[in-house]
2 protein chains.
Amino acid sequence: MEKIASKKFSAGEKLPSENKLADRYGVPRMTVRAALTRLEERGYIYSKQGKGRFLKEESTQIQLHLTGKISFTEKMEQAGYDLETRLISCEKIRYDEKIYKSLACGSGDSVYKVSRSRFIDGQPMAIHKSFVSEKMFPEIKTEGPDIRSMFAYYRKHGHTEFANNKTLLSISFPTSTEQQLLQCKSMVPLIMVESDCIDAATGDVLEHTKILYRSDKFKYDITMD
Amino acid sequence: MEKIASKKFSAGEKLPSENKLADRYGVPRMTVRAALTRLEERGYIYSKQGKGRFLKEESTQIQLHLTGKISFTEKMEQAGYDLETRLISCEKIRYDEKIYKSLACGSGDSVYKVSRSRFIDGQPMAIHKSFVSEKMFPEIKTEGPDIRSMFAYYRKHGHTEFANNKTLLSISFPTSTEQQLLQCKSMVPLIMVESDCIDAATGDVLEHTKILYRSDKFKYDITMD
DNA sequence: ACACAGCCACTTGGCGACAAGTTACGATGA
DNA sequence: TCATCGTAACTTGTCGCCAAGTGGCTGTGT
């Protein structure tokens, strides 16, 4: 059943119809439909009623070095990609134990989420969420919507050297809003990288970040040296 | 539609029936079925005809530090997990450009794949594939099936200090055989970590490894320091 | 000979009815 | 009173028909 997937229809377009595949492999059409639906949800094909199913052109994966020494912006520009960042929102979040603990905040403090999406060559590739406490940056509520680069914002407030502490990587699937933002289907896994950015000089936690990468667009270099 | 997922039925058992959910949310049964099927393929629920759908008990994620300094075996035993390794196969592979290049082999050389599965507390968690050239280890064909630990095997052949070069991380979905080996459903993403293990003293490439982790069972610590 | 319109064969999308499996409850008989 | 069998009311699984959309082919009129 799933063998249909890898059967080198590597051409850019056109698939046999559901009935053809059903006859060819001797399985009911529903089975073929289910398999094709899975392929569509993973983003490999798309379908048009009345016309047929077509393979999407394969997108090349961008190799990304997962180190916190330089910002995402600098990484991509060093690699020669056309990067664009758009602000999605800047709003106060509800209490979240893990985030508040990372930022050394109590339940009485306010924490703001600055969300932005990263576009490479016009395609959305990642969502970057920065959690910042009002305690550390009192003007975040008003300044947040104008932030272009978090690192630049921190430098403006007197922080010069940055470091990352514990960095965790896990896999999730996109919510419906994340599907819209990343223009991907529901079964495209996302790689979530969670980390705290600290001021290397004082040790203060500046932000807690959650970055969601489209797993089909990136390959991660996690070389340890 | 997908909101059904997170709707805190966090109890260990029992979901409303398809018809109930369809009436409740005012959508056709097929839509509910599609959503539930996705949940089943992701491994969150299971269904029994005539009985109903049930939530699986949530499995805790194991935190794994992705450094190549110590072996997977040592990592897990240090963390206090009951680890068991079973050999799956040891066989010669067809020519693969990337693997052969990593091992500094030409198309005339033979390369063997040593596959083993890792069990933690009796549950399969990862598949470990080691690619070894006959050029480097002439006895691999006969000794391969008896290997318990690759590192121990390399030490036996005079290699004492190990290092990793470029380590790449990417996401894939399990093939049908991988689904069987890992006892997981088709939509559970796998994390593939690819790396070369080299002799730190001589610089020789000992093996090229591909490790497939169940992404729902692990959380990865990729802290850089 | 050419243009246009309608029909038909093909595609995917969707819905409804029925099949299969399980459980609970009640009727019936000893 | 208790056991057993049958039926009915659920559950999920499956199949097939029909609707909707597209494109090509053919017939007909100018």
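Each chain gets a letter, A, B and so on, in the order its sequence line appears, and its residues count up from 1. From a predicted model like this one, the values you see are computed outputs, not experimental measurements.
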Atom CE of Met30(A) to atom C1' of dC15(D): distance rounded to whole Å?
8 Å

Rounded to whole angstrom units, what separation is found between the CD atom of Glu40(B) and the C1' atom of dT12(D)?
10 Å

Going by ring pair (Phe, Tyr, Trp, His ring centres under 6.0 Å), name the pairs with one or both residues in residues 108-128 of chain A, residues two or more places apart or in two chains.
none

Between Asp221(B) and Lys166(A), is the closest basic N to carboxylate O distance under 4.0 Å?
yes

Ranking Gly50(A) and Asn19(B) by the position along DNA chain D of their nearest nucleotide, the one closer to 5' is Asn19(B)

Using a 6.0 Å cut-off, check whether atom NZ of Lys210(A) has over 12 heavy atoms from anything other than its own residue.
yes

Measuring to OP1 and OP2 of dT11(D), would you say a side-chain N or O of Lys20(B) lies under 4.0 angstrom away?
yes

Stepwise, does the side chain to side chain contact (heavy atoms under 4.5 Å, CB included) test hold for Val132(A) with Met150(A)?
CA-CA 10 Å; Val132(A) 177; Met150(A) 293 306 291; 3.8 Å; yes

Parallel, tilted or perpendicular: which one describes the rings of His208(B) and Phe131(B), with boundaries at 30° and 60°?
tilted

Spacing of Leu21(A) atom CG relative to dT12(C) atom C1', expressed in whole Å:
13 Å

How bent is the helix from dA1(C)-dT30(D) to dA30(C)-dT1(D), measuring the angle between the end axes built from five pairs each, rounded to 10°?
40°

By nearest atom, which of the nucleotides dC15(D), dG13(C), dT12(D) is closest to the Glu18(A) side chain?
dG13(C)

Taking the basic N atoms (NZ, or NE/NH1/NH2) and the acidic carboxylate oxygens, is any pair closer than 4.0 Å for Glu18(B) and Lys20(B)?
no

What is the separation between atom CZ on Phe54(B) and atom C1' on dT23(C), rounded to the nearest whole Å?
11 Å

State which of dT11(D), dG13(C), dT14(D) makes the closest approach to the side chain of Arg53(A).
dG13(C)

In this structure, how many angstroms lie between the C1' atom of dT12(C) and the OH atom of Tyr46(A), rounded?
14 Å

Does Ser47(B) put a side-chain nitrogen or oxygen below 4.0 Å from OP1 or OP2 of dT12(D)?
no

By side-chain contact (heavy atoms from CB on, under 4.5 Å) - contacts of Ser89(A) (at least two apart):
Glu91(A), Ser115(A)

Would you say Lys48(B) reaches dG13(D)'s phosphate, i.e. side-chain N/O to OP1/OP2 under 4.0 Å?
no

Does a side-chain N or O of Lys51(A) approach OP1 or OP2 of dG23(D) to a distance below 4.0 Å, or not?
yes

Under 4.0 Å from OP1 or OP2 of dT12(C): is there any side-chain N or O of Arg33(A) that close?
no

Any donor-acceptor pair, under 3.5 Å, between the side chain of Arg29(A) and the base of dG13(C), if you only look at N and O atoms?
yes

